[in-house]
Enquirer: 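Got a structure here, written out as C-alpha cells. Questions coming.
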Amino acid sequence: MRRFRQGSLLFLLCSIFLFLSISSALAITTSGSLTEDETWSGTVNLTGDVTVPVGITLTIEAGTTVIFPARSDDTSGGEDSNVTELIINGSLVAIGSADNKITFASGGSIPTSGDWGGIKWNVGLGVKTFDLEYCTIEYPSTAVKWHVNAGIQSGTISNCEIKYTTDYGIYIYGEANADITANVTNNSLSNIGGHGIYGYATGSGTSITGSFSNNTVSDCGSFGIVLVAYDSATGNVDITNNQITDIDDSAIYEKAYNPSSVTGKIEGNTISNAGRDTGSSYRYGIWVYADNHGTTDIDVNNNTVTNTGTYGIYV
C-alpha cells in the first residue's frame, strides 16, 4: 500500500510539472510586454498593445490569425492610446505561405479602416530581424511602420496583402545614421488612405537602399510609391516592375533636397489613372525632383504610363 501511495504522489507531481510546462509553452501575451520569446499560432485575440522588447523574438506561425480589438486599447499606450498596436522593439518573424497565410485583422463586427494601429517596428543599435511574408493586413491606420534611428538594419516585406488603411500602407523612416536595406516585393496594396509605399531618409549618414519591386498598388489617397532623401541623407532604391493604378497624386515620386542624393532605377512599371484628384498639384505618372542642392541620378526606362492628370513623366 505504501508503494502505491508513493507512486501515486510521484505520478501526480510529474503530471503537475508537465501541465505547467505545457501551459508555459503555450502561453501568449495578449496585452503588455513579452518577457521571453513567444510563438503564436491558431487564433490570437489581443486586448491591448503588445510590445516585443529588445532581445526578444515573436514568431507567428503560418495560418495564424491575430485579431485586434476595434477602436480599443486596454493599455492606453503606444503611438495612439485609443487603438491596439503590435510594437516590435526586438524581432518579428511572421512567415506564412501562399496557401496558409498569416492574418492581422480587426475584431469589429463591421470592420473599418483605422480599427487598430498597425505593426510598429522601432529599431536602434543591434541587429534585429523583421520578416513579414505571406501575410494579410487589413483595417489598420498604417499597416507597417518601420522606424530606424541607428545602426545597420535590414527587413523584408514580401507577398503580403495590405488593404483598407486610413494612412500609409508601408512606411519606412530612417534617421540618425541609420543604414537601412528594405526589400519590399511582390505585395498587393489597395484602398490605402495615404501613400502606398513610402521610404524617407533624413540626416547625414542616413541611407535607404534595396528594392520596391513587383508590387501592385491601387486606390491610394496620396502617392503610390515614394522615396525621399532629406538633409544630407541618401536613397538608392530600385523601383521596378510595379503595377500602379488609381492614385490621387503621382504614382511614383522620388525627391532629393537640402542637400541629399537619390539614385537607382524606375524601370518596367505600368502606371494608369495617376493624378485622379483634380485638386492636387502633383498629378504625374512619374515625378523626379531635386531642390536646394539635392541631386538625382535615376534611370527611367521602359515604363508604360497612361491616363495621368497632367504629365506622364515630369523631371
Side-chain angles (χ1 to χ4, degrees), residues 52 54-55 57-59 87-95 118-135 137 142-160 162 168-189 195-215 217 223-242 252-256 260-269 288 294-299:
V52 180
V54 175
T57 298
L58 172 61
T59 301
I87 302 167
I88 312 297
N89 298 327
S91 295
L92 173 66
V93 178
I95 302 176
I119 301 170
K120 309 293 174 64
W121 189 33
N122 303 309
V123 187
L125 291 173
V127 177
K128 302 171 182 67
T129 300
F130 189 82
D131 198 347
L132 285 174
E133 299 184 42
Y134 291 102
C135 297
I137 306 172
T142 291
V144 181
K145 183 177 180 180
W146 176 10
H147 181 191
V148 185
N149 61 19
I152 301 172
Q153 302 293 338
S154 63
T156 298
I157 305 170
S158 70
N159 296 292
C160 292
I162 296 171
Y168 304 145
I170 298 170
Y171 180 22
I172 302 167
Y173 181 91
E175 62 179 348
N177 296 300
D179 183 352
I180 302 169
T181 300
N183 296 303
V184 181
T185 60
N186 297 301
N187 301 288
S188 172
L189 297 91
H195 305 322
I197 301 170
Y198 183 28
Y200 188 100
T202 181
S204 178
T206 302
S207 68
I208 295 179
T209 62
S211 176
F212 299 164
S213 299
N214 297 297
N215 302 287
V217 182
F223 295 89
I225 298 177
V226 182
L227 178 66
V228 174
Y230 173 72
D231 198 16
S232 301
T234 60
N236 183 0
V237 175
D238 290 335
I239 301 175
T240 59
N241 301 315
N242 299 284
I252 297 175
Y253 175 39
E254 297 206 55
K255 181 176 181 178
S260 293
S261 68
V262 173
T263 59
K265 298 178 181 178
I266 301 175
E267 186 172 283
N269 301 283
V288 177
T295 61
T296 59
D297 185 2
I298 299 168
D299 292 331

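On a predicted model such as this, the values are computed, not experimentally measured, just so you know.
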Enquirer: Answer yes or no: is there a side-chain heavy-atom contact under 4.5 Å between Ile239 and Ile197?
Expert: no

Enquirer: Please check this pair: side chain of Asn187 against backbone of Cys160, looking for a donor-acceptor N/O pair closer than 3.5 Å.
Expert: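 Indeed, once roles are kept as given, a pair shorter than 3.5 Å links the two residues.
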
Enquirer: When rounded to the nearest 0.5 angstrom, what distance separates CG in Asn241 from CG in Asn269?
Expert: 6.5 Å

Enquirer: So, does Asn214 use its side chain to make a donor-acceptor pair with the main chain of Thr185 at under 3.5 Å?
Expert: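 Not a single qualifying donor-acceptor pair exists.
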
Enquirer: Could you tell me if the side chain of Ser158 sits less than 4.5 Å from the side chain of Asn183, heavy atoms only?
Expert: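 With C-beta onward as the side chain, the pair stays apart.
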
Enquirer: Of Tyr171, Tyr200, Phe130, Tyr173, which meets ring-ring contact (aromatic ring centres under 6.0 Å, His included) against His147?
Expert: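 Between His147 and the candidates, ring-ring contact (aromatic ring centres under 6.0 Å, His included) is satisfied uniquely by Tyr173.
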
Enquirer: Search all heavy atoms of Ala143 against all heavy atoms of Gly169 and return the closest pair with its distance.
Expert: CB-O, 3.2 Å

Enquirer: Quick check against the 3.5 Å criterion: does Thr206 have a side-chain atom that pairs as donor or acceptor with the backbone of Asn177?
Expert: yes

Enquirer: Look at the side chain of Ser260 and the backbone N and O of Ala233, then say whether any donor-acceptor pair between them is shorter than 3.5 Å.
Expert: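 At least one qualifying donor-acceptor pair exists.
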
Enquirer: Roughly how far, to the nearest 0.5 Å, is CG of Asn89 from CH2 of Trp121?
Expert: 11.0 Å

Enquirer: Between Ile266 and Glu254, does the side chain to side chain contact (heavy atoms under 4.5 Å, CB included) criterion hold? Intermediate values first, please.
Expert: CA-CA 10 Å; Ile266 301 175; Glu254 297 206 55; 3.2 Å; yes

Enquirer: Do Ile298 and Val262 have side chains that get closer than 4.5 Å, going by heavy atoms?
Expert: yes

Enquirer: Do Val217 and Ile225 have side chains that get closer than 4.5 Å, going by heavy atoms?
Expert: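 SC-SC contact between Val217 and Ile225 confirmed.
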
Enquirer: Could you walk me through whether Ile252 and Phe212 pass the side chain to side chain contact (heavy atoms under 4.5 Å, CB included) check?
Expert: CA-CA 11 Å; Ile252 297 175; Phe212 299 164; over 6 Å; no

Enquirer: Can you tell if the side chain of Asn236 reaches within under 4.5 Å of the side chain of Thr234, non-hydrogen atoms only?
Expert: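 In short, these two side chains do not touch, never coming nearer than 4.5 Å.
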
Enquirer: Return yes if a side-chain donor-acceptor contact under 3.5 Å exists between Thr295 and Ser261, otherwise no.
Expert: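 Per modelled atom types, Thr295 and Ser261 side chains form no pair under 3.5 Å.
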
Enquirer: Give the minimum heavy-atom separation between Cys135 and Ala94, together with the two atoms involved.
Expert: SG-O, 3.6 Å

Enquirer: Apply side chain to side chain contact (heavy atoms under 4.5 Å, CB included) to the pair Ile157 and Ile170, showing each step before the final yes or no.
Expert: CA-CA 9 Å; Ile157 305 170; Ile170 298 170; 3.8 Å; yes

Enquirer: Could you tell me whether the side chain of Thr209 and the main chain of Ile180 form a donor-acceptor pair under 3.5 Å?
Expert: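 Pair found, side chain donor or acceptor close to backbone of Ile180.
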
Enquirer: When rounded to the nearest 0.5 angstrom, what distance separates CG in Leu189 from CD1 in Ile162?
Expert: 4.5 Å

Enquirer: Answer whether the closest heavy-atom distance between the side chains of Tyr168 and Val226 falls below 4.5 Å.
Expert: no

Enquirer: Look up atom OG in Ser207 and atom CG in Asp179, then write down how far apart they are to the nearest 0.5 Å.
Expert: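 The OG atom of Ser207 sits 4.0 Å away from the CG atom of Asp179.
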
Enquirer: For the pair Asn215 (side chain) and Val184 (backbone), establish whether a donor and an acceptor sit closer than 3.5 Å, ignoring hydrogens and angles.
Expert: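 Judged by distance alone, yes, a pair lies under 3.5 Å.
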
Enquirer: Between Ser91 and Thr57, is there a donor-acceptor pair closer than 3.5 Å when you use the side chain of the first and the backbone of the second?
Expert: no

Enquirer: Report the distance from atom CG of Asn242 to atom OG of Ser213, rounding to the nearest 0.5 Å.
Expert: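 Here the interatomic distance stands at 6.0 Å.
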
Enquirer: Roughly how far, to the nearest 0.5 Å, is the CD1 atom of Ile88 from the CG atom of Asn122?
Expert: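 So the CG of Asn122 and the CD1 of Ile88 are separated by 9.0 Å.
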
